[in-house]
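Every chain is numbered from 1 and lettered A, B, ... according to where its sequence line falls, protein lines coming before strand lines. Please read all numbers here as calculations on a predicted model, not as lab measurements.
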Amino acid sequence: MRISKAGLLVVLALLAPLLVELRTVLSWINVELTVLETAVVGAILVVAVLVWAFLPENGNGKTAEGDASSEN
Amino acid sequence: MSNAYIDDFPAEAKVVRTAFYSSFLALALGGVFGVIQTLHRTGYYRFIDSADYYTVLTAHGVFLVISFTIFFLVGVFTWAITTSLDRGVEDLRFTWGWYGLMAIGITLSGVAILAGFTDATDISASVLFTFYAPLQAHPMFYLGLVLFVVGTWLAGVDWFRSWWAWKAENPDERIPLPTFMVLTTMLMWYIATLGVAAAILVFLLPWSLGLVESVNPLLTRTLFWFFGHPVVYFWLMPAYMMWYIMLPKVSGGKLFSDPLARVVFVLFLILSVPTGIHHQYLDPGIAEGFKFIAMTNTMFLLLPSLLTAFTVVASMEHGARQRGGEGYFGWLKALPWRDPVFTGMALAGLMFAAAGFSGMINAGMNINYLVHNTFWVVGHFHLTVGTAVALTFMAVTYWFLPQITGKALWSRSVALGQVVLWFVGMTFMSNAMHRAGLLGVPRRTAEPQYDGFEFEAAVGTMGELQAQIALGGILLTLSLVLFFANVVGTALNGRSDDLPANEYAGTLSGPEDAPLVLDNLKLWTAIAVVLVVFAYTFPLLSIIDRGGLFGPDINPFPVSLETVHLLAFALESHVTGALESVAWLGVNR
Ligand code: HEM
Ligand SMILES: [Cu+2]
């Protein structure tokens, strides 16, 4: 895994503001997404993040260090 | 045996614990009212009377921004003083005394508000947390607020006493940073609360007791905002304190700069109060020039927040690099995301950045006209007090609970889920509130109607905005449930003697780098007072000059349905009158 489970959770959470703001920003260039379309874009992003996260790093399959290590 | 707070200061730990539990009770009540009003407003589930909406809203506002926040912060401050001076409180009975006063006060106010739900008594206080005249509450409401505030004043005295005693023993030492933060915050609070004390004691309380006939609403409003702006810093400064002294520690590093932290708190002390008029840009009766001065001060007030953003991020990066983080952005991965204390505070800080942007819009005199009193404002302050403060408080609770109970945290994973869920829920709710506000959707409205005629939302539809708000509100409520599960679960745990020690972050650049003048509290207080005198003397004088101290005759407005009918009737005859004359003009053109 490329990032820790907790890191992944936070990245997924950050997709929420990205998604709701994206819908507004796209409307400025006259791309108006429906709720359903926004949800589909969201699902694609989630899948993309998951695929990226679970791909082995440089093919050597080592887990990310850092926050996997212990803290207080 | 561990080195937790409760081991060193068992008696004080009990005070802090009691203050925290009082605060959580208020959070629970406030949360329940929050979801009731969200579902009512958005039309998803209505089981209360329309008129009761305002009682719910008052309870939500008062319980959350007065009791939840302030009970929590007096706990944090007591912890900060005792820990950083390494001495117990001077007189435990005095400490329990101010806590008791606060508890009695808020109970009186709370009962007055909740009594508004029943017809059994004629007590009510559905005046919203701003209690603007001519809305009038039962005297018990005002009296309770006064006692509560006096309790916080005495709490400040308690902390100053500790500091004086410590200084007598350590004459040559710098004020420890957490103590410095508590003292500057309290000085700011003393100045700020003079406004609300005057508003209540001189005007509103005598008026609700029937001792004086009427009040000058613009005057009491202005006095309210004299206090109403700085109170937001009373909530924020403890959160900032946590970002300065806890966040670097949980990130695995040190605070980047102690001097900068002191500068920030001094700036808050001197700039928080002379800005309150920025809440009154739309009030007729205050000259534009005074509003302009308030706007200028407000823009300066951005500075300490920007300094905080810089110092906090720098400290986090330092911590991450200590933990082996590398690269321009790669260090972000090395942060302890698994730790709910860290993640909660980091997400709270991130939302505060967004709140800073909507805040700048509120602060601009001209753009304010666009968003004033709309749902935008509600979206804004759910990011500030509702997240930057509330989420930080909830996150540090996960560190404090073991310290003050001596018991291990019930579940770290649930805690992590809780803080992340708050972030996601608030994203949905506040984004939709901001956008609805831009379309002119009003705040403080039980049932805004957008059906049956054409109303174009900029993106999507009105119904979608409502749905997004309701969705966010439900996620937030779930998050609260998880929070309380953890608080209760921890309380039910047995004592543990394997707890982290009671410590806060060290510094990279310490107090020895801070100019001595920064610790001159008298000087900063004097400057703060002078600025307040400059900002408020003339506006207040001109308000009194025009409207009189006790105002022109106005009718008190206890919120009852009869008055609403009366008002509707008055409005109707007014409007038909106006329409008739317009029609008459049209005919005669
Ligand atoms: C479960 C979480 C929450 C939900 C669902 C929620 C929902 C709402 C809604 C919908 C309103 C606007 C009602 C209207 O203007 O008609 C509101 C107002 C307000 N909320 Fe919240 N809120 C939550 C948490 C909080 C928190 C944590 C705080 C502060 C610590 C807070 C402070 C306030 C204040 C001060 C008001 C304004 C009251 C007034 O206008 O008099 N809320 N809330
Ligand atoms: Cu303000």
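Among B:Leu350, B:Leu421, B:Thr427, B:Val424, the residue with the largest count of heavy-atom pairs under 4.5 Å with chain A is B:Thr427. Taking A:Leu26, A:Val20, A:Val35 one by one and counting their heavy-atom pairs under 4.5 Å with chain B, the maximum is reached by A:Val20.
Across every non-hydrogen atom of B:Ala334 and B:Gly325, the tightest pair is CB-CA, 3.5 Å.
B:Pro340 has its side chain within reach of B:Arg412: a pair of non-hydrogen atoms, C-beta onward, lies under 4.5 Å apart. By the 4.5 Å heavy-atom criterion applied to side chains, B:Phe483 and B:Asn486 are not counted as neighbours. Between A:Glu37 and A:Arg23, the closest side-chain pair of non-hydrogen atoms is not below 4.5 Å. Within the 4.5 Å cutoff, no side-chain heavy atoms of B:Trp410 are placed close to those of B:Tyr398.
Heavy atoms closer than 4.5 Å to chain A are found in the side chain of B:Phe428, but not in its backbone. Within the 4.5 angstrom heavy-atom criterion, atoms from both the backbone and the side chain of A:Leu14 approach chain B. Heavy-atom distances place both the backbone and the side chain of A:Thr24 under 4.5 Å from chain B.
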